[in-house]
Amino acid sequence: ETAARRRGFIEQTRIGRFHGIHPALLPQLVHPSRVNDKRITQPLFDMACEIGGDGFVRQQQSILGRADSRPLLVEIEMPTLVIVGRQDRVTPLERAQQMASDIANARLEVIEDSGHMTPLEKPAEVSAAEQALANLPKDEAAARAAWTRAKAAADTKARPLNGMPPHAQVFAGNPDGDAAAKTAFD
């Protein structure tokens, strides 16, 4: 279904019907309370215009043709933060929980009153969650122990990954305590 929708977007764009993000799509991307908030929506419209129709087609083709990397999540050993907006309709909470459960040292951070564009909608909360990861002890063993305690305290009740088309932000901390971001798109 998702692949067919993407192919339809590609076809519509090729016949000249790309006009960036249509306002009707905003409820899929942002929390309902922000659909009319220009501070949140205008950057989305601007990014779509910057990308343009040709860039949009390349993005969709790339997404359609890429390998499924979800099985690789189990190989991540470093402390990892999975961030999701509670009202994210693109990557629902259940999918983010599944992603976090497949990563050994993952912690799920659920941002309240936020949709799919959590970094735009709730930048302070996202930054605080990233900072907590970056502030783990520099010693790898101590960092893993601290992260395991934080993960246990969060009690995400996540389930194993099963057929999830991820598009959640995953922030993985390296042994030096820095936060390096990876994004998996659906």
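In this text the structure is predicted, and so the values were computed from the model without any measurement. This chain uses plain numbering: 1 for the first residue, then up along the sequence.
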Any side-chain heavy atom of [X] within less than 4.5 Å of one from [Y]?
X: L29; Y: T41; answer: no
X: L73; Y: M99; answer: yes
X: R7; Y: E11; answer: no

Practice item. Please list all pairs passing the salt bridge (charged side-chain N to carboxylate O under 4.0 Å, His left out) test where one or both residues lie in residues 113-124, with sequence neighbours left out. Key: R34-E121, K122-E125

Looking at [X] and [Y], what are the two nearest heavy atoms and their distance?
X: A100; Y: A106; result: O-CB, 3.3 Å
X: T91; Y: D88; result: N-OD1, 2.8 Å
X: L81; Y: A129; result: CD2-O, 3.3 Å
X: T118; Y: V84; result: OG1-C, 4.3 Å
X: R95; Y: V90; result: NH1-O, 3.4 Å

Holding to side-chain hydrogen bond (donor to acceptor under 3.5 Å, both in side chains), I want the full list of residues that pass it with [X], two or more places apart in sequence or in another chain.
X: Q28; value: none
X: S33; value: H31
X: D37; value: R39

Practice item. Keeping to residues at least two apart or across chains, list the ring-ring contact (aromatic ring centres under 6.0 Å, His included) pairs with something in residues 41-73. Key: F18-F56

Check your understanding: For residues 76-107, which residue pairs qualify under ring-ring contact (aromatic ring centres under 6.0 Å, His included), counting only residues two or more places apart or in two chains?
Key ->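 Of all non-adjacent pairs touching residues 76-107, none passes ring-ring contact (aromatic ring centres under 6.0 Å, His included).
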
Practice item. Check the pair L44, M117 against side chain to side chain contact (heavy atoms under 4.5 Å, CB included), reporting the backbone distance first and the verdict last. Key: CA-CA 9 Å; L44 299 175; M117 304 308 291; 3.3 Å; yes

Point to revise | Listed partners of Q12 passing side chain to side chain contact (heavy atoms under 4.5 Å, CB included), at least two apart | key: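 Only I15, R17 meet the side chain to side chain contact (heavy atoms under 4.5 Å, CB included) criterion with Q12.
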
Point to revise | Test side chain to side chain contact (heavy atoms under 4.5 Å, CB included) applied to V35 - qualifying residues, sequence neighbours left out | key: L26, P27, V30

Which value, rounded to the nearest 0.5 Å, describes the distance between [X] atom [atom1] and [Y] atom [atom2]?
X: I103; Y: T80; atom1: CD1; atom2: OG1; value: 5.0 Å
X: R70; Y: D102; atom1: CZ; atom2: CG; value: 10.0 Å
X: L108; Y: Q97; atom1: CG; atom2: CD; value: 6.0 Å

Review point. Please walk me through it: do I83 and V126 pass side chain to side chain contact (heavy atoms under 4.5 Å, CB included)?
Key: CA-CA 8 Å; I83 300 176; V126 170; 4.0 Å; yes

Check your understanding: Would L25 end up clustered with M47 when hydrophobic side chains under 4.5 Å apart are linked, directly or stepwise?
Key ->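 Hydrophobic grouping puts L25 with M47.
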
Practice item. Any chance you could pull the hydrophobic cluster mates of V57, using side-chain heavy atoms under 4.5 angstrom and chaining through other members? Key: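 Other cluster members: I10, L64.
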
Exercise for review: Check which hydrophobic residues are tied to L72 through side-chain heavy-atom contacts below 4.5 Å, counting indirect links as well, and list them.
Suggested key: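 Noted: L72 shares its cluster with no other residue.
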
Practice item. Would you mind listing every side chain to side chain donor-acceptor pair (under 3.5 Å) that reaches into residues 50-60, with sequence neighbours excluded? Key: R6-Q60

**Study point:** Residues forming a salt bridge (Lys or Arg N to Asp or Glu O under 4.0 Å) with E112, sequence neighbours excluded
**Key:** R86

Check your understanding: Between the side chain of S127 and the main-chain N/O of A124, is any donor-acceptor distance below 3.5 Å?
Key -> no

Check your understanding: How about D46 and Q42: does a side-chain donor come under 3.5 Å of a side-chain acceptor?
Key ->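 Indeed, the side chains of D46 and Q42 share at least one donor-acceptor pair under 3.5 Å.
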
